[in-house]
Amino acid sequence: MPEGPELHLASLFVNKVCEGVVFTGPVTKSAVSKNCDVSFTCEAYRIQASSRGKEVKLTLTPMKSDVKEGSTVQPMDIVFRFGMSGYFRFTSEEELPKHAHLRFFSNEKPCRVLSFVDTRRFGSWQPNGSWQRGRGPCVMFEYESFRKKVLSNLSNQAFERPICEALLNQNYFNGIGNYLRAEILFRLSIPPFVQARTVLEILELEDLAADTTPVKEELDDQKTSDRESKRTSQSADLLRLCHTVPLEVVNMGGKGYDPQKADYSDFQAWLQCYYVAGMKSTRDHNGRTMWFSGDSGPMVPKECKSTKAKKRVKKEEDNDAAMVAEIVPKVKTEKGVKQEAPNSKTGLRKRKVKQDGEVTRPCDNTRCLRSNKTSEAR
DNA sequence: CGTCCACGTCTAC
DNA sequence: TAGACCTGGACGG
């Protein structure tokens with residue numbers, strides 16, 4: 001579930017299912033979790049959620065002044081990060097999901113449980129927590145301050161990185177993750193390995209007020225190149241897309257990136273670049289896969305990795321030329337960038353035709369389709 | 001069976 | 001700038 005949109009959708013989910021629900025008793029943790037105990041116990045409390053970038057905050061609010069041994073139970077905030085696999089569910093006790101690591105119990109007859117589920121356990125929570133220091137304003141819901149913070153700190157070292165890597169810096173881009181950076185840069189045809197400062201400094205002089213004006217001006221495109229470039233920077237500049245692209249996912253109304261979910265196809269259809277067949281992909285300096293098309297940009301990592309190179313030699317077997325390029329890294333004509341989607345490895349088959357004759361999208365990620373409801377759809 | 005890959009941080013050399 | 005931290009699905013043999 002875990003980029004800005006998924007975190008926000010999770011907060012909406014919590015507020016929806018917990019509306020009018022009274023929770024009771026202690027908050028319990030799974031035996032295997034290494035996260036903090038949540039020492040909160042209350043006869044009757046409510047749960048509300050909010051999100052900021054890649055964090056969700058649950059607020060536990062006692063209902064009456066619950067006097068116990070002379071002291072009132074105080075409200076508690078718990079701040080969650082979702083890692084690679086976190087999400088919330090609301091189920092009966094019997095249907096508690098595997099990997100439900102933190103649990104809140106309702107006072108209903110057959111009680112229900114709000115649980116934080118996290119298969120890989122990279123997620124975390126902080127009782128009595130607040131938004132993490134070092135994470136900037138939310139790209140979705142604190143747009144003006146997000147924009148201002150970036151543009152007033154362009155001299156910072158963070159912006160000497162390639163733009164695709166800077167976009168994952170949560171101090172400036174709180175909420176952007178791996179699929180969003182690919183989608184955002186793709187929409188603007190920005191090569192991912194261009195220095196971030198270079199891309200952003202042309203926005204520095206923009207009138208901030210202009211950014212609040214809706215896309216009207218787009219219709220106004222008379223053709224002088226001067227005007228054209230102005231239009232482009234105002235209606236579709238990078239920082240603006242860091243705001244609008246994640247909001248598109250929120251407004252799709254599904255659950256965002258969640259391959260296990262039935263309605264994942266909506267999200268999949270929305271993706272234009274990330275994991276799409278025909279797109280290129282390469283590793284950035286942190287080992288994260290960057291999806292893009294067109295130029296990689298000058299700061300693309302060199303294909304070295306002497307240690308990993310050995311292990312990684314065996315790849316791309318359907319193409320002799322590609323294989324040679326991989327085995328003999330001295331030939332750096334492509335700077336280590338794959339020219340084709342890594343179909344055989346990722347399960348991205350070129351094209352699939354269903355039994356019923358309906359052609360799937362050419363860019364299907366069949367790994368996700370399969371784990372999804374493909375068989376059920378038969 | 002084994003290897004690779006995944007929506008993200010963290011801390012330690 | 002590696003790894004560590006984890007589980008599990010897809011795919012290859």
Colleague: Would you say a side-chain N or O of A:Arg121 is under 4.0 Å from OP1 or OP2 of C:dT7?
Modeller: yes
Colleague: Of all the nucleotides listed (B:dG8, B:dA6, C:dG8), which has the minimum atom distance to the side chain of A:Arg283?
Modeller: B:dA6
Colleague: Using a 6.0 Å distance limit plus a 45 degree cone around the ring axis, check whether A:Lys280 lies over the aromatic ring of A:Trp291.
Modeller: no
Colleague: Any side-chain N or O of A:His99 under 4.0 Å from OP1/OP2 of C:dG8?
Modeller: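 Checking C:dG8 against A:His99, a side-chain N or O does come within under 4.0 Å of OP1 or OP2.
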Colleague: A:Tyr275 side chain: which of B:dT9, C:dC5, B:dA6 is closest?
Modeller: B:dA6
Colleague: Under the side-chain contact (heavy atoms from CB on, under 4.5 Å) test against A:Leu58, which residue among A:Val14, A:Val38, A:Leu102, A:Val79 passes?
Modeller: A:Val14
Colleague: Any side-chain N or O of A:Ser85 less than 4.0 Å from the OP1 or OP2 oxygen of B:dG8?
Modeller: no
Colleague: With respect to the phosphate group of C:dT7, does any side-chain polar atom (N or O) of A:Lys98 fall under 4.0 Å of OP1 or OP2?
Modeller: no
Colleague: Using a 4.0 Å heavy-atom cut-off across all strands, classify A:Arg135 as base, sugar-phosphate, or nothing.
Modeller: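 It contacts sugar-phosphate atoms only.
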Colleague: If you measure from the P atom in C:dC5 to the same atom in B:dC13, how many Å do you get, rounded?
Modeller: 12 Å
Colleague: I want to check a possible cation-pi pair here: A:Lys54 against A:Phe82, using under 6.0 Å from ring centre and within 45° of the ring axis as the test.
Modeller: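 Ring-cation test returns no.
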Colleague: Is it true that A:Tyr275 and A:Tyr179 have ring centroids separated by less than 6.0 Å?
Modeller: no
Colleague: Does A:Arg288 have a side-chain nitrogen or oxygen under 4.0 Å from the phosphate oxygens OP1 or OP2 of B:dC5?
Modeller: no
